[in-house]
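Reminder, nothing fancy here: chain letters follow the sequence lines and each chain counts from 1.
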2 protein chains.
Amino acid sequence: MTADATLPGVLVASGHWDPEPWALPFRADPGRPVMVWPKVTDPAAIHYVLAWAPPPEAFLGLPNLKAIFSLGAGVDHILGKAALPNVPVVRIVDPDLTMRMTEWVVLQVLLHHRRQLAYLRQQAAHRWEEIGQPVARDVRVGLMGLGELGQASARVLRSLGFDVAGWSRTPRTVPGVTCFSGTDGLEPFLARTDILVVLLPATPETRGILNRALFAKLPRDGALGGAVLINAGRGALQVEADIVEALETGALIGASLDVFEKEPLPSESPLWSRPDVVITPHVAATSDAAVLADGIRRAILDFEAGKPLSNLIDPKRGY
Amino acid sequence: MTADATLPGVLVASGHWDPEPWALPFRADPGRPVMVWPKVTDPAAIHYVLAWAPPPEAFLGLPNLKAIFSLGAGVDHILGKAALPNVPVVRIVDPDLTMRMTEWVVLQVLLHHRRQLAYLRQQAAHRWEEIGQPVARDVRVGLMGLGELGQASARVLRSLGFDVAGWSRTPRTVPGVTCFSGTDGLEPFLARTDILVVLLPATPETRGILNRALFAKLPRDGALGGAVLINAGRGALQVEADIVEALETGALIGASLDVFEKEPLPSESPLWSRPDVVITPHVAATSDAAVLADGIRRAILDFEAGKPLSNLIDPKRGY
C-alpha cells in the first residue's frame with residue numbers, strides 16, 4: 001500500500017471502454033488507491049476490480065482481492081476467463097440500465113406489431129395505405145429470461161395489452177405472466193409465442209440456443225402472420241446464418257437485434273440489408289458510467305461497513 | 001315502420017367506410033329496421049344514426065331521430081355539418097381504440113427518444129456507431145389533451161420513466177402528471193416540453209394551433225437537443241408549412257404525424273421525404289368496426305332499457 005492509503009484499493013480493467021468515468025468517484029475517497037489496468041503499481045493494495053471484458057491477466061497477482069464488479073448487466077465477459085480467482089463476482093442491477101432495456105424492448109415490440117418498417121417504406125414511396133394489424137391482446141409476446149430485465153419489460157408490455165408469457169431456466173412466478181420453465185417448458189412456450197424477446201445471459205447452456213430448430217417451433221399462424229425475434233441478450237445466443245435462413249423461409253417474419261456473434265457486426269453480414277431486420281449497435285442498455293460507478297462505490301462502502309454484497313452471480317450457473 | 005318492425009331503426013351513414021360491419025350486429029336484432037345511407041326506405045323508423053363523415057343531408061327528414069353515434073373518437077366530422085339536428089351526439093370511448101392510440105403514441109415517443117430513425121440510416125450504410133441518448137427521466141413529454149386517450153398514454157409513458165406533463169382547456173388532475181390548463185398555462189407547459197404529443201379534438205379554438213408561434217415556444221436546449229412534435233389528434237390542428245419551416249430552422253428536430261390538413265396527404269407534400277419525419281396514414285387508432293359496432297349496439301340496448309346515454313359530446317365545446 002502507498003504510504004497514505006487508508007482504504008482498500010480499486011483497479012479498473014475496462015477493456016476498450018474509457019476507464020476514467022469508472023475511476024472518478026473512487027478518486028474522491030481520501031486515502032483510496034485507484035489504479036487503471038495495466039498500470040498496477042501496488043497489487044497488494046487492490047481489494048476490488050471493476051471489470052469489463054478484462055484481459056485474463058487482469059486478475060492475476062492480486063493477493064488481497066475481495067470482489068470483482070462487472071460494469072454491465074452480463075458477466076460472461078468475466079466468467080469466460082480461465083484465471084478467474086475464487087472471489088465473489090457482483091453484477092450490476094441498476095434501475096437506469098433496466099429502464100433503458102425496457103425502452104428498447106418495448107420500442108422493438110411495438111415497431112413490429114405496428115408494422116412501422118412497412119409504413120416507413122410506404123412513406124419513402126409517398127404511399128398512403130392502411131396496413132391491417134391485430135389488437136395487442138391477440139399478440140403473444142414471449143420473454144426468454146425472467147430476471148430483473150425480463151420482468152420490467154413484461155410489466156410495460158402487459159400495460160399495453162399484450163398477451164405476455166415468459167420462460168426461465170428454473171420456475172418463476174410473475175404476476176400476469178404465464179410462466180414456463182426448463183427444457184420441458186420450452187416447446188409449449190415457443191408454440192404460443194408470436195414475438196420472442198430474448199434477455200437470457202450467455203452461458204454454456206444458452207449458447208447458440210436461437211437456432212433453426214428453435215425457430216421451427218414458433219407458430220406461423222399467429223395474429224401477425226408469423227414470428228418475430230427480438231434479441232437484446234447476448235450475441236452468443238444466436239446463430240446468425242439460421243436467422244437469415246428463417247427470415248427467407250418464413251419461420252421468422254422479422255427481427256430486431258442489438259447483439260451479434262461478432263461485434264461490431266461485420267460489414268459483409270447479410271443482416272444489415274434486410275428490410276425485415278432492425279439492427280442497433282449493442283446500445284439497448286448502455287452502461288452510463290457516471291451513474292453506475294456511483295452505484296458500485298455505494299456497494300463497496302456498504303461492504304466496508306460490514307454489510308454482505310448483493311447481486312452475486314453463481315459461477316457454476318453462469319449468471 | 002315496416003310491418004314486422006318492433007324495435008327502433010338504425011341508419012348507417014359511414015362516408016367512404018364500408019357500412020356493412022357497422023350494420024351487422026343490428027341485423028341480428030329481430031324486428032330492428034337497418035338502413036344504409038342513401039337508401040333510406042323508411043325515414044320515420046330511424047331513431048339512431050351511426051355516422052362517420054356523413055353527408056349533411058344524412059340527418060335531414062328523420063322525424064323520430066333520438067341520437068347520433070360517431071364511429072370514431074373524434075366528432076368534428078359530425079359537428080361541422082350545418083344541418084345537425086338537436087339530438088344527443090355520442091362519441092366512442094372504447095378500450096381497444098384507447099389501447100391502439102396508446103401503442104402508437106408510445107412507439108413514436110420511443111422512436112424519437114431512442115434515435116431509431118438515425119439508427120436505421122446507419123444500418124442502411126452498414127455503420128456500427130453508438131448515438132448518445134438521455135435517460136427517460138431527463139426527457140420531458142408534454143401531452144396536449146388529457147381526456148381518455150391522453151391519460152392512457154400518460155400512464156404508460158410514466159411507467160417508462162418519462163417526465164410527463166399535460167395541458168387541457170379546463171383544469172384537470174392526473175396522478176403523476178404535472179397539469180397545466182387554459183391560455184395562461186400553455187406557455188409554461190410548452191417551455192418544459194421536449195416531446196409534444198397532441199391528442200386534442202379539432203374545434204374552432206384548436207384549429208391551426210400547431211403553428212410557427214407555438215413551435216417557437218418549445219425549448220431548444222432540452223435533453224434531446226430540440227423539440228419533437230407528435231400529432232395523432234386531427235390534421236386541422238396543424239399548419240404543415242409551419243412544421244416544415246420549424247424542422248428547417250431547428251425549432252423542431254423531428255415529428256411523427258398520423259393526421260394531415262388534407263387526407264390522404266398529397267403526394268407532393270414535402271413532409272413525405274423528410275428524414276426527420278414519420279408519416280402514418282391516419283391509422284394510429286383505427287376503428288375496428290366489429291368491436292366498436294357491438295359497443296354501440298350495447299349502448300343502444302341500455303338506452304332502450306331506460307338508462308341515460310353516456311359519452312355525450314357538448315356541441316358548443318366541440319368535443
With the side chain counted from C-beta on, respond yes when T286(B) and E130(A) share a heavy-atom pair under 4.5 Å apart, and no when they do not.
yes
Using non-hydrogen atoms and a 4.5 Å limit, figure out which bit of L271(B) sits close to chain A: side chain, backbone, both or neither.
backbone
Tell me, side chain or backbone of Q108(B) under 4.5 Å from chain A's heavy atoms, or both, or neither?
side chain
Greater than 12 external heavy atoms within 6.0 Å of E261(B)'s CD
yes
Check whether V109(B) gets within reach of chain A through its side chain, its backbone, both or neither, counting any heavy atom under 4.5 Å.
neither
Is it the side chain or the backbone of H113(B) that comes within 4.5 Å of chain A heavy atoms, both, or neither?
side chain
Contact check, side chains of S267(B) and W128(A), non-hydrogen atoms, under 4.5 Å
no
Give a yes or no on whether E148(A) atom CD has more than 12 heavy-atom contacts from other residues, nucleotides or ligands under 6.0 Å away.
no
Short side-chain donor-acceptor distance under 3.5 Å, Q116(B) and Q116(A)
no
Does any non-hydrogen side-chain atom of L107(A) lie less than 4.5 Å from one of L107(B)?
yes
Given heavy-atom pairs under 4.5 angstrom as the criterion, report whether the side chain, backbone, both or neither of A136(A) touches chain B.
both
Could you have a look at V106(A), D96(A), V291(A) and say which one has the most heavy-atom pairs with chain B under 4.5 angstrom?
D96(A)
Okay, L120(B) and chain A: the region with an atom under 4.5 Å from a heavy atom over there is side chain
What distance do R158(B) atom CZ and S159(A) atom OG have between them, rounded to the nearest 0.5 Å?
12.0 Å
Between Q123(A) (side chain only) and V277(B) (backbone N and O only), is there a donor and an acceptor less than 3.5 Å apart?
yes
Quick check: do Y119(B) and V283(A) have side-chain heavy atoms less than 4.5 Å from each other?
yes
Using salt bridge (charged side-chain N to carboxylate O under 4.0 Å, His left out) as the criterion, point out the one residue from R115(B), R114(B), R137(B) that pairs with E103(A).
R114(B)
Distance-only polar pair, side chains of H126(B) and S269(A), donor-acceptor under 3.5 Å
no
Among the options L117(B), T102(B), V278(B), I131(B), pick out the one with the most heavy-atom pairs lying under 4.5 Å from chain A.
V278(B)
Is there a side-chain contact between R100(A) and Q133(B) in this structure, where contact means two heavy atoms from C-beta onward sitting under 4.5 Å apart?
yes
So, the part of P275(B) with a heavy atom under 4.5 Å from chain A: the answer is neither
